[in-house]
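Working notes for the structure below.
Chain identifiers are assigned alphabetically (A, B, ...) following the order of the sequence lines, protein sequences preceding nucleic acid strands; residue numbering begins at 1 within each chain.
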Number of protein chains: 2
Amino acid sequence: MVTIADVAQKAGVSISTVSYVMSGKRAISQDTKDRVEAAIDALEYRPHASARSLASRSTNVIGLQAPLRSGVDVHVVMEIVAGVVREARAHQYDILLLTSDDAEGLNRAAGASMVDALLVMDVESDDPRIGALRELSTPSVLIGLPQGGEALTCVDFDFEGAGALAAERLVERGHTRVALLGAPREVLDRHTSYADRLIRGFLGACTAHGVIGSVHPCPNSVEAAEVLDEVLAADPGITGLLIHNESALAHVAARAAEIGGLEVLALSPADVSRTVPGLADSIEIPAEGIGEAATEALFALLAGEPTPRVRLLPPVLVSRRDLVADAASPDEAAAESA
Amino acid sequence: MVTIADVAQKAGVSISTVSYVMSGKRAISQDTKDRVEAAIDALEYRPHASARSLASRSTNVIGLQAPLRSGVDVHVVMEIVAGVVREARAHQYDILLLTSDDAEGLNRAAGASMVDALLVMDVESDDPRIGALRELSTPSVLIGLPQGGEALTCVDFDFEGAGALAAERLVERGHTRVALLGAPREVLDRHTSYADRLIRGFLGACTAHGVIGSVHPCPNSVEAAEVLDEVLAADPGITGLLIHNESALAHVAARAAEIGGLEVLALSPADVSRTVPGLADSIEIPAEGIGEAATEALFALLAGEPTPRVRLLPPVLVSRRDLVADAASPDEAAAESA
DNA sequence: GTGAAAGCGCTAACAT
DNA sequence: ATGTTAGCGCTTTCAC
C-alpha cells in the first residue's frame, strides 16, 4: 500500500508538506506543489480513510437510515436516497447505510465515530429515535416532521399543505364530497409522519370549505380498485378523489375511468403520475428534491451555518396538460410552470 | 469521548486486557472479564471505528454499488439491498453505499481502505468495472453474470434457466407461439446482464422445442398494454406470454384477460405477482435471497473459505393456486411446495 | 515556505 | 493470565 511517506520521499519533501498540499491549509510554493502532485499521481496515492479520520476527527461519511420495509412507496424511497447520494457526492461525502433502523443503530454509528452526521428517513409521529438523536452531539436531519421533533432539523415535503391544496382544488372544481385513498393500513397504523400530515391537511381543508371528506387506507395492489368500489358504495355522492399510493394509482385511476363521473387527483412523483392515463391534475412529490434538501441542510449544520429548523418543500399543482407537455419537452414546461 | 484507556483505568487493568476481553482473542479470567465488562457498560464505551480499523487493517464495512437509476425494477433492487443489509448485519458489518457507480468509485473505496469487500449490482454484459475489480486485491462479488466476469465471484438468479423454464412450461401447456415482454428498451440497450440471459434462455428453449418465440421491450407504464396489442397484431397466433417487468405486469395481465385466450406467466418477486389477478403460473425472483446469497459469498471470500465462482439461484415455478394459498397461510403452502 | 514530531485510539506482537 | 509497547497512516501543532 502506498502511504503518505512514500509520496513524501518520492517528491523529496516532508510528510507534512504532502499533507498540506492535499488539504490546501497552508501556502506551498508552486514548485513543491507540482512535485508532490506528480508523485501522488505517479504512485496513485489514496489517503487511508481511517488514518485520516482518526487524526482529523472527521469521517466524510453520512449515516443514513432508510426504510427497506414493505408498505412504503418504493419509488419515493429510492428517489430520496438518490437525491441524498447525489448531494453527498457533490460534497465528497459517502453514505453509510445503517443496518439497524432503530435508536441503537444511531447510537452505534455516532458513538463509534463512524459518521459525521446522521440522516433519518421514515420518521413516525412519535418516534423513539428522536430522543436518541437529541442526546447525540452528532448533527442530524430528519426526513419527516414528527410531533416532538421540532427541536431537531426536519426536512420534508409539505404533505399537510399538499392535502389542503388537493382538497381546495377539488372544491374549486365543484366537488362537495371527496375522498383520500392513501397509504396501506400498515403505514397508517404506524403513524408514519407523512401519512398523518397529509390526512390532517386534507380533512382540515375539507372542513374549512364545508365539504365532506373521508380517508381510506389502500392496499399496494389491484385490490385498490375494489377499495374504490367500496368507498363509492358507502357514499355514492363522492366525485372527487385524491390518491396517494404509488402502486394503487393506476388501478384506481382505471377503475374510476370505467365508472365515470369522477375526478382523480394524484399525489406522487412526476414520473409515476405521468405514465397513468385518466388523471386530472396531479401534485408532484419531489422525492429526489427532498433527499437533496435534507442533505443540504445537513451540510449547513456541519458547516455551522444557520439552517431553518423545519424546511418543507411546497406542493405544486401540475395540470395534466403540463404533465404531457413535460414529457415532450421538459425545459419549456419547466420554464412555463416557474 | 470515552476511550479504551478510560475503560482500562476504571476496571483496573491494562488497555490490552480490555482489547482482549472485547475480541476474545485470549483467555481472560472470569473475574477480570466481569470487571472490564462492567466498566464498558458503565461508561457506555464504543470503540472508535477508525482507530480500530487503522490498527487492525479491516473496517467491517462492505462497499455496495446499487443502481439508483431509472428503468430497473425498483422493487427488486430494494429487496436485494434489504437482503444484503440483513446478512451484513448478521456478521456485524455495515454497508457503505458508494456514491459513484463507476470503476473509479470502486478504486476509490478500495484504495482508501474504506471497505473490506465490494458488492456490485446491476452489472452489464460488458462492464468496465469488471476489469477494475480484477486488478483490486479487495475481495468482491458481482450480483449478475457478465460475459467476462467468470474470473470473479458472481451470484445471481438463474435468469437463463428461468427463461427456459417459462418457455418449456408454455410449450407443455400446448402453446406454439410465445412472447417475452421484458424490461424497458433502455435496459435492454444497456445489455444488462440479467435481461440478456433471460432472453437467451427463453429463445433457446423455444428453438429446442420447435416453437416460435419473440422478445419485446416493454415500458414501465400502462402503455405496456398497448405493447401487447401490437405484439398480437403482428402475430395473432401468439397465445403464451412471459412478463418480466414489475410495473407492466398488472397492466399486461389485465389487457390479456380482456382479450382472452392467452396464458400469462409472470417473472417477478412473489409479493408482486401475488397481487396481480389473471396470472397463470409464475416464476419467483427471490430478490432478497439474491442479496443474501451474494453477501454470504462475500463473507466466505473474506474468511478464505472456498466459494463457487458462480452461484445461480434456481428458478421455481409457482402455480397460481399455491400463490393464493401462500397468501392465506404461508407455512402450509411452503411445506406443500417443498 | 518547510520540517520534525506529537498524538489520534486502537490491535497485536512481545514481554513476563 | 495479564501488562508494556510499537506501530497503523494520517493531521496538526511547534519550530525554524
Side-chain angles (χ1 to χ4, degrees), chain A residues 1-37 39-40 43-61 92 108-116 137, chain B residues 1-40 43-61 92 108-116 137-138:
Chain A
M1 141 169 256
V2 179
T3 73
I4 195 172
D6 300 326
V7 175
Q9 185 173 22
K10 172 136 191 166
V13 298
S14 74
I15 286 179
S16 60
T17 296
V18 176
S19 176
Y20 283 119
V21 166
M22 301 197 72
S23 69
K25 287 189 180 171
R26 80 177 175 194
I28 303 279
S29 72
Q30 189 58 48
D31 175 60
T32 307
K33 185 186 276 183
D34 290 346
R35 272 166 32 235
V36 169
E37 278 166 355
I40 287 175
L43 299 176
E44 299 190 40
Y45 168 61
R46 318 233 179 209
H48 190 290
S50 297
R52 173 175 272 181
S53 95
L54 179 57
S56 69
R57 314 174 138 272
S58 84
T59 60
N60 270 44
V61 171
Q92 331 266 42
R108 210 179 61 87
S113 303
M114 309 178 79
V115 301
D116 291 347
S137 62
Chain B
M1 140 166 255
V2 179
T3 74
I4 196 172
D6 300 325
V7 175
Q9 185 173 20
K10 172 133 189 166
V13 298
S14 72
I15 62 169
S16 62
T17 297
V18 175
S19 176
Y20 284 119
V21 166
M22 300 197 72
S23 68
K25 286 189 181 169
R26 80 175 174 194
I28 303 280
S29 71
Q30 189 57 47
D31 175 62
T32 307
K33 185 187 276 182
D34 289 346
R35 271 164 34 234
V36 169
E37 279 166 354
I40 287 176
L43 299 176
E44 300 191 38
Y45 167 63
R46 318 237 181 205
H48 190 289
S50 297
R52 172 176 272 181
S53 95
L54 179 57
S56 69
R57 317 171 137 271
S58 86
T59 59
N60 270 45
V61 171
Q92 332 266 42
R108 212 179 58 87
S113 304
M114 308 179 79
V115 301
D116 292 346
S137 60
T138 307

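- B:Met114 places none of its side-chain heavy atoms less than 4.5 Å from the side chain of B:Val61.
- At least one side-chain heavy atom of B:Ser19 sits under 4.5 Å from a side-chain heavy atom of B:Ile4.
- Of the N and O atoms on the side chains of A:Ser14 and A:Thr17, at least one donor lies less than 3.5 Å from an acceptor on the other residue.
- Nearest-nucleotide assignment on DNA chain C puts the 5′-proximal partner with B:Ala51, out of B:Ala51 and B:Ser23.
- Each of B:Asp31 and A:Thr3 was assigned the nucleotide of DNA chain D with the nearest heavy atom; the assignment lying further toward the 5' end belongs to B:Asp31.
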- Message: Show, in sequence, the C-alpha distance, side-chain angles and deciding distance for A:Ser50 and B:Ser53, and conclude whether the side chain to side chain donor-acceptor pair (under 3.5 Å) test is met.
- Response: CA-CA 6 Å; A:Ser50 297; B:Ser53 95; 2.3 Å; yes
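- If you take CZ of B:Arg52 and P of D:dG9, they are 18 Å apart, rounded to a whole angstrom.
- Separating the NE2 atom of B:His48 from the P atom of D:dC10 is a distance of 16 Å, rounded to the nearest angstrom.
- Side-chain atoms of A:Glu37 and A:Met22, non-hydrogen and from C-beta on, never get closer than 4.5 Å to each other.
- At a non-hydrogen distance threshold of 4.0 Å, nothing from residues 108-115 of chain A comes into contact with DNA chain D.
- With contacts defined as side-chain heavy-atom distances shorter than 4.5 Å, the pair B:Leu54/A:His48 qualifies.
- Summarising the geometry, the separation between CD1 on B:Ile4 and C1' on D:dT2 is reported as 14 Å, rounded to the nearest angstrom.
- Contact check of residues 13-21 of chain A against DNA chain D (heavy atom, cut-off under 4.0 Å) returns A:Ile15, A:Ser16, A:Ser19, A:Tyr20.
- Contact annotation for A:Arg26: base contact, defined as any heavy-atom pair under 4.0 Å involving a base atom.
- Here chain B contacts DNA chain C (any atom closer than 4.0 Å to a heavy atom, that is under 4.0 Å), and the contacts span C:dG9 to C:dC14 from 5' to 3'.
- Without hydrogens or angle criteria, B:Arg26 side chain to B:Tyr20 main chain gives no donor-acceptor distance under 3.5 Å.
- One can place CZ of A:Arg57 at 14 Å from C1' of D:dT13, the figure rounded to the nearest angstrom.
- Under a 3.5 Å cut-off, the side chain of A:Thr59 and the backbone N or O of A:Asp116 do form a donor-acceptor pair.
- Comparing B:Ile28 and B:Ser56, the nucleotide of DNA chain D nearest to each residue sits closer to the 5' end for B:Ile28.
- The main-chain N or O of B:Arg52 is found under 3.5 Å from a side-chain atom of B:Ser56 such that the two form a donor-acceptor pair.
- When each of A:Gln30 and A:Leu54 is assigned the nucleotide of DNA chain C with its nearest heavy atom, A:Gln30 is the one assigned upstream, toward the 5' end.
- Counting heavy atoms from C-beta outward, A:Asn60 and A:Gln92 have side chains that approach closer than 4.5 Å.
- Among the heavy atoms of the strands, none lies under 4.0 Å from A:Ser53.
- Atom P of nucleotide D:dT2 and atom CG of B:Asp34 are separated by 11 Å, given to the nearest angstrom.
- Remark: the backbone N or O of A:Thr3 is paired with a side-chain donor or acceptor of A:Asp6 at under 3.5 angstrom.
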